[in-house]
Q: 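For reference, the structure I am asking about is given below.
Note on naming: letters A, B, ... go to the chains in the order of the sequence lines (proteins, then strands), and numbering restarts at 1 for each one.
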There are 2 protein chains.
Amino acid sequence: MSEGHHLKTHCIQLVPIFQNLETEEMERIASLSHVQTYDKGDMIYHAGEEENFLYIVHKGKVKVTRLMENGKEQLLRILESGDFMGELALFTKNIHDSYAESSSPTELCVITREDFQEILAKHPEISMKVLEEVSHRLSQAEKLMTQLSAQDAEIRIASYLLDLAEEQHTNNIVLPMSKKDIASYLGTTQETLSRKLSSMQEKGWINQKGHRHIRLLEKESLFQITHS
Amino acid sequence: MSEGHHLKTHCIQLVPIFQNLETEEMERIASLSHVQTYDKGDMIYHAGEEENFLYIVHKGKVKVTRLMENGKEQLLRILESGDFMGELALFTKNIHDSYAESSSPTELCVITREDFQEILAKHPEISMKVLEEVSHRLSQAEKLMTQLSAQDAEIRIASYLLDLAEEQHTNNIVLPMSKKDIASYLGTTQETLSRKLSSMQEKGWINQKGHRHIRLLEKESLFQITHS
DNA sequence: CGATTAGTTGACTGTGTTCAATCGCGGTGG
DNA sequence: CCACCGCGATTGAACACAGTCAACTAATCG
């Protein structure tokens, strides 16, 4: 078994949607995928290109963004180990409407449309897993949409901090990306985010340590402003 | 065959996800669903309730909204004949985080979580159809997200008008909902929408007739502003 | 045709963006 | 381990956009 093959099996094993499969089936699927590596900053695909592959993140982080008509970019999501993208490719010859950029050294498992369709036909239970994941993301996207149109930036930021705290099970949160990216995700600018965080710190609600660490001191106050 | 049963079969037949099934299978599925009717303004479900059913719209319109933390409502989508909602119920005992309201006399086919899971297990091709629909909606939601964070309301409105024109294959567009709802959908207020439309009319770009009809006179100009 | 609801318009205010200058964290090499 | 440099982050000032509240008008339905 080649090093490469071993790597691919490993890649497939990692992914929630392929769990609960027989080992030999997993090997067969692995043999259909191939591994691609990217350095930080490399583009994985561009808007306008044909969408022909399902990408599964094995290692690293991938940033998916969309260019707004006015030229600014909106961060849609960050993929980490086990996440996938490109599921729309399954159905029709689509055109990407977003950009995917590796934001750290990254390893992806890539499967062609045809191969993945075949896999799904053979393993219906996988399509349920994919459906579950996509449904969940839709729900998330709708949540974010609601937040984006809450005009008050402070509310969006407070919400986001509380979400992070819950996700990370601690009040000492580590920002998963740069403040620039967070601002883009929250539909505001770096400057506004910075100002709001400073003002929260002045009020004693949070404590910023370095560029990526925030300690939540008064969750209750943060929660309050999201509800008025 | 009772009138009720006949109705249900009809309801199931309408829906894209159940197409390409044998007649008897369709009848079996129909027998698992039951029909619910609502008047304009009736609530179908509330946020906070358990999500136990898949709802398929047979007739009428359903408005799905989300309450923002600050108390305002964001319109997520409008369902029409053949659309469905509640697919998240398939996977776990979820809680609704949105409100569904009938916005005209409406007939729904309702299927319980258990029954629908059983149907999917028997007909894997249906889960592919559901996946296709959900993927498509995710893509739409991401598009809307991008639009929502375009700070300029005029851009969002122009984009929306152009989308409608494309959807309806004409420059004489009919608004699919009230201006109040459109404003909510676009993340702005009734007043701002009204002002922007008036200003577009002054510039000679559009022509409003009554409350729901708009003729696009200078699509090119509308397109231009969305790209700066 | 009249009532009721939807939409329009005006004046004011507040928040966030923009552009530009400066700061300081954190990684790199000595 | 410390000093340096570059980029991310912060801060300031001016302006403009859109939200709010309130009064008014127009359209649609029975």
Q: Rounded to whole angstrom units, what separation is found between the CD atom of Glu191(B) and the C1' atom of dG10(C)?
A: 11 Å
Q: If I take atom CG in residue Leu193(B) and atom C1' in nucleotide dG7(C), what distance separates them, rounded to the nearest angstrom?
A: 10 Å
Q: Would you list the atom pairs, donor with acceptor, under 3.5 Å between side chains in residues 157-166 of chain B and any protein atom, with sequence neighbours excluded?
A:
from: Ser159(B); atom 1: OG; to: Glu69(A); atom 2: OE2; distance (Å): 3.4
from: Asp163(B); atom 1: OD2; to: Lys143(B); atom 2: NZ; distance (Å): 3.2

Q: To the nearest Å, give me how far apart CD1 (Ile157(A)) and P (dA9(D)) are.
A: 13 Å
Q: In terms of side-chain heavy atoms of Asp152(B), which of dT10(D), dC17(D), dT20(D) is nearest?
A: dC17(D)
Q: Go through dG7(C), dT11(D), dG16(C) for me and flag the one nearest to the Lys196(A) side chain.
A: dG16(C)
Q: At less than 4.0 Å, is any side-chain N or O atom of Ser194(A) found next to OP1 or OP2 of dT10(D)? Yes or no.
A: yes
Q: From CG of Asp181(B) over to P of dG7(C), roughly how many Å is that when rounded to an integer?
A: 8 Å
Q: Rounding to a whole Å, what distance do you find between Ile182(B):CD1 and dA6(C):C1'?
A: 12 Å
Q: Whole-Å distance between dT5(C) P and Lys40(B) NZ?
A: 10 Å
Q: If the cut-off is 4.0 Å, is Thr188(B) near the phosphate of dG19(D), judged by side-chain N/O to OP1 or OP2?
A: yes
Q: Taking the side chain of Lys72(A) as heavy atoms from C-beta outward, which of dT8(C), dT18(C), dT20(D) is closest to it?
A: dT18(C)
Q: For Arg195(B) and dA22(D), what is the distance between atoms CZ and C1' respectively, to the nearest whole Å?
A: 12 Å
Q: Under 4.5 Å between any side-chain heavy atoms of Tyr99(A) and Glu73(A), yes or no?
A: no
Q: Just checking Gln208(A): base, sugar-phosphate only, or nothing, at a heavy-atom cut-off of under 4.0 Å?
A: sugar-phosphate
Q: Counting only side-chain nitrogens and oxygens, does Ser198(B) get under 4.0 Å of the OP1 or OP2 atom of dT9(C)?
A: yes
Q: Quick one about Tyr38(B) and Gln36(B) (side-chain donor to acceptor, distance below 3.5 Å, no hydrogens or angles considered), yes or no?
A: yes
Q: With heavy atoms under 4.0 Å as the rule, sort Lys209(A) into base, sugar-phosphate or nothing.
A: nothing
Q: Measure from CD on Gln190(B) to C1' on dA27(D) and round the result to the nearest Å.
A: 14 Å
Q: Crowded around Lys180(B) NZ? As in, over 12 foreign heavy atoms under 6.0 Å?
A: no
Q: Of the listed nucleotides (dA18(D), dT20(D), dC25(C)), which one gets closest to any side-chain atom of His211(A)?
A: dC25(C)
Q: Please check if any side-chain donor atom of Glu50(A) sits under 3.5 Å from a side-chain acceptor atom of Asn94(A), or the reverse.
A: no
